[in-house]
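Indexing begins at 1, ligand by ligand and atom by atom, following the structure's order.
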Amino acid sequence: METFWIRSGRDKLSPMNIVLGITGGIAAYKAPDLVRRLRERGGEVQIVMTASAEEFVTGTALQAVSGRPIRSNLWDKEAEAAMSHIELARWADVVLIAPATAEVMARIVSGGAPDLLTTICLATEAPLAVAPAMNHIMWSNPATQANRKVLEERGIHILGPGIGSQACGETGAGRMLEPDTIAAAVFDLAVGKGEGLLTGRKVVITAGPTREPIDPVRYITNRSSGKMGYAMARAAAAQGAEVVLISGPVNLPEPPGIEVRNVLSAQDMYEATHTCVGEADIFIAAAAVADYRPAEWREQKIKKNEESMSIDLVRCPDVLASVAALAAGPFTVGFAAETEKVDDYARSKLENKSLNMIIANRVGSDCGFDTDDNSVNVIWTDGEQRFPEARKSELARDLVELIARHFYAARGTDPQPRLTVISNIE
Ligand code: CTP
């Protein structure tokens, strides 16, 4: 696994230092997994627990996975002598609070600092990210929403929450995002600010499914989750690109630092793409765009009066082919989602749509759609490269590097000098 290195204010290369604040919510039981994910990516993790977090997860477990003594008490003389709260605040390249309760969000908004964690939040200049986790009614409470808004306005990154079943037995928005999703977002916070292969380049990416309405209550869609397209967007931003992500309806958090334009139908996606693709250097079509839509939209709900019925379908615009056909258009990359003859069909799409590259993947009930892993074969006119099964976030990093290299080769130019290194403080 690649380790991320950052150039710190001390002007030396060091792994990313993460202060992980854990507050008192049931999702704290996921904290050991989160620590593991952050460390897998090369982060140094210093845990700071609040008193109520200790009701949900033990310091012993967290100390074992983080490899560092847990900090929890602002008045612990011994710990403060080793590294004071001000030194901790300076040490951090990122401060992450996961899970973040409604209480800690309110505290940060008010600027109160009754404990070690909130004191660090006040004293740090590092980016601050919070992953809220609470009952859905608490999350939708106007007070919490007002606090969320203030935090966002102050540039604090809100990761999630996700929607789904909750520990309290209810369902709604308030679940903490999965540890791997949080870890990826935290590294993007620092990485996205860095210089990379695509610094100064604009990348437009489509992602997710489209919805083609039949009547006011029904539509045609597909199983795409948008995860691959979102991972590509994060990876391109991590390489320094200015990214516009044109997204169909998905259940994913907006990646920090990326302009997201939400659309519903294939026609919407076509129009949104053509408003911004003119200035793009690279276009990546990761969306599963509907090929057909109902010929007419019924204004009233269709009633089941007949034994059988049929719906006339007409072709949707092909977003990717239309971009590839632009004179002086961007370097275009498509995806080919196939259930059989994957490489053959992908090759014919590469030719028929006049693409620079195509990323072929097998999809089916067991793979490709709505999973966290993927394996692909990238094909271009005179070559191909296989990528074995990997997490979509890691795969996206490798794919974006390959695309960038081919982009510069096609343009006959070199990338800006590359720093694998991220500068996020001073
Ligand atoms: N695509 C697009 N607009 C469409 C259909 C597809 O932009 N209306 C893009 C997809 O985003 C993908 C590529 O074209 O990058 C191939 O999509 P895919 O669904 O695999 O193939 P189709 O071209 O739709 O052909 P078929 O359904 O016959 O396999």
Side-chain angles (χ1 to χ4, degrees), residues 203-213 219-233 235-236 243-250 261-278 280 282-295 313-326 329-364 367-370 374-380 387 392 395-396 399-400 402-403 406-407:
V203 179
V204 175
I205 300 177
T206 63
T210 62
R211 271 184 199 172
E212 309 305 324
Y219 51 75
I220 299 173
T221 190
N222 58 64
R223 287 182 48 213
S224 167
S225 64
K227 284 181 182 167
M228 194 66 224
Y230 273 57
M232 295 294 285
V243 179
V244 179
L245 178 60
I246 299 170
S247 175
V250 295
R261 298 193 188 171
N262 292 303
V263 297
L264 285 177
S265 68
Q267 182 65 31
D268 295 344
M269 189 168 271
Y270 175 89
E271 283 165 24
T273 299
H274 283 277
T275 58
C276 58
V277 83
I282 298 174
F283 176 65
I284 302 172
V289 189
D291 292 327
Y292 294 93
R293 66 175 166 77
L313 299 175
V314 293
R315 283 280 284 270
C316 295
D318 190 315
V319 184
L320 176 59
S322 69
V323 172
L326 291 173
F331 185 88
T332 43
V333 182
F335 273 77
E338 308 291 350
T339 54
E340 56 168 354
K341 299 185 199 156
V342 179
D343 289 356
D344 291 348
Y345 282 140
R347 240 176 254 289
S348 54
K349 281 175 194 173
L350 179 78
E351 281 166 28
N352 298 342
K353 299 196 191 195
S354 307
L355 309 178
N356 295 102
M357 298 179 101
I358 192 144
I359 301 167
N361 69 319
R362 201 170 73 77
V363 290
C367 60
F369 278 145
D370 205 13
N374 208 357
S375 64
V376 299
N377 188 25
V378 185
I379 303 173
W380 55 97
F387 291 83
K392 284 181 175 170
L395 186 60
L399 290 174
V400 164
L402 182 71
I403 291 168
H406 280 258
F407 161 72

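Taking a 4.0 Å cut-off on heavy atoms, K353 registers as neighbouring ligand 1. For A290, the heavy-atom gap to ligand 1 drops under 4.0 angstrom.
In terms of polar-atom proximity, defined here as any N/O pair under 3.5 Å, V319 does make such a contact with ligand 1. Where the criterion is an N or O separation shorter than 3.5 Å, residue side chain and backbone included, A336 fails it with respect to ligand 1.
Under a 4.0 Å criterion applied to the non-hydrogen atoms of A287, ligand 1 contributes the atoms 10 (C), 11 (O). Under a 4.0 Å criterion applied to the non-hydrogen atoms of G334, ligand 1 contributes the atoms 15 (O). The atoms of ligand 1 that sit less than 4.0 Å from any heavy atom of A285 are 11 (O), 12 (C), 15 (O). Atoms of ligand 1 lying under 4.0 Å from at least one heavy atom of L320, given by number and element, are 2 (C), 7 (O), 9 (C), 13 (C), 14 (O), 15 (O). Atoms of ligand 1 found under 4.0 Å from any heavy atom of A337 (numbered from 1 in listed order, with element): 20 (O).
Rounding to the nearest 0.5 Å places CG of L245 at 11.5 Å from CE of M232. A distance of 12.0 Å separates CZ of F387 from CG of N374, quoted to the nearest 0.5 Å. Rounded to the nearest 0.5 Å, atoms CZ (F283) and CG (L355) are 10.0 Å apart.
No donor-acceptor contact under 3.5 angstrom links the side chains of R293 and T210, judged on distance only. In this structure, a donor-acceptor pair under 3.5 Å is absent between the side chains of Y219 and S265.
For atom 19 (O) of ligand 1, the nearest protein heavy atom is 4.0 Å or more away. Contact annotation for atom 28 (O) of ligand 1: protein absent (non-hydrogen atoms, distance under 4.0 Å).
Formation of a donor-acceptor pair under 3.5 Å by the E212 side chain with backbone atoms of A266 is found in this model. Side-chain atoms of T332 never come within 3.5 Å of backbone atoms of A324 as a donor-acceptor pair (strictly under, hydrogens ignored).
Using a 4.0 Å cut-off between heavy atoms, D291 contacts ligand 1 through its side chain alone, with no backbone atom that close. The part of P317 lying near ligand 1 is the backbone, judged by heavy-atom distances below 4.0 Å.
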